[in-house]
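Heads up, the thing below is written out as structure tokens.
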Amino acid sequence: MKFFADTADIADIRELAETGLIDGVTTNPSLIHKSGRDFIEVTKEICGIVDGPVSAEVVALDHETMMKEAEKLRKIADNVCIKVPLTLDGLKTCRALTDDGTMVNVTLCFSANQALLAAKAGATFISPFVGRHDDNGFDGMQLIEDIRLIYDNYAFETEILVASVRHATHVLQAAKIGADVMTAPPKVIRGLVNHVLTDKGIGGFLKDWQSTGQSIL
Ligand code: E4P
């Protein structure tokens with residue numbers, strides 16, 4: 001499963017990129033607002049740090065303006081992936097862009113039928129929001145299972161990008177279901193490494209090592 005960092009924070013992206021653990025980045029208008037940076041400038045900087053897809057979201061609601069925004073955004077770098085909302089205008093834009101060889105991430109997906117439409121529109125990625133789904137009394141991971149089943153039934157190539165990931169259990173469940181990608185805040189990605197027994201084990205080994213009086217270097 002590929003890991004995308006869900007942030008527009010350059011320091012976080014640099015640090016994660018150096019670990020070799022992230023395969024791309026997702027942003028959205030709220031994350032751009034949080035960064036306090038100019039949208040085009042920060043997206044360009046992110047595209048220079050990671051080789052993989054960097055999602056940049058259009059904000060227009062109509063197809064024609066979405067196309068104009070996408071035209072500007074896709075010139076930023078070859079690894080820009082245009083993010084469009086799951087609306088009829090968004091899907092029309094998705095089809096036009098993917099037919100033209102541009103990567104598209106269809107976002108704000110909350111039903112398996114919406115995901116089916118995105119695949120039919122040729123989306124590169126579909127982003128079901130599991131955290132927001134859970135928050136509203138639905139089962140986010142059931143949605144991922146349903147989309148996996150449907151995409152496999154018809155051999156759709158659209159990649160399932162699990163979004164709105166809130167904790168390590170979401171990551172584990174997404175991997176068990178066979179999602180293609182998950183995007184999570186840097187804190188969640190970093191937290192995956194933690195285990196109390198790992199820390200305890202390191203402590204015990206170091207104590208015994210010091211007792212040997214040896215040094216490797
Ligand atoms: C995905 O691309 C979105 O940017 C993101 O995962 C939304 O997450 P949130 O529900 O925590 O805002």
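First listed ligand is number 1; within each ligand, the first listed atom is number 1. All values derive from a computational prediction rather than experimental measurement. Just the heavy atoms: all of them, side chains too, but no hydrogens, waters or symmetry mates, feed the values below.
Annotation: ligand 1 has protein neighbours Asp6, Thr26, Asn28, Lys83, Phe129, Arg132, Ala163, Ser164, Arg166, each with a heavy atom less than 4.0 angstrom from the ligand.
The 12-atom threshold is exceeded at CG of Asp135, counting heavy atoms of other residues, nucleotides or ligands nearer than 6.0 Å. Around the CG atom of Leu206, the shell of radius 6.0 Å holds more than 12 heavy atoms that belong to other residues, nucleotides or ligands. When the shell of 6.0 Å around NE2 of His33 is examined, it contains 12 or fewer heavy atoms from other residues, nucleotides or ligands.
Partners of Asp62 by side chain to side chain donor-acceptor pair (under 3.5 Å), not counting sequence neighbours, listed by chain and number: Thr65.
Here Asp134 does not pair with Arg166 in a salt bridge; the nearest charged N to carboxylate O distance is not below 4.0 Å.
Inspection of the Asp12 and Thr7 side chains reveals no N or O donor paired with an N or O acceptor under 3.5 Å.
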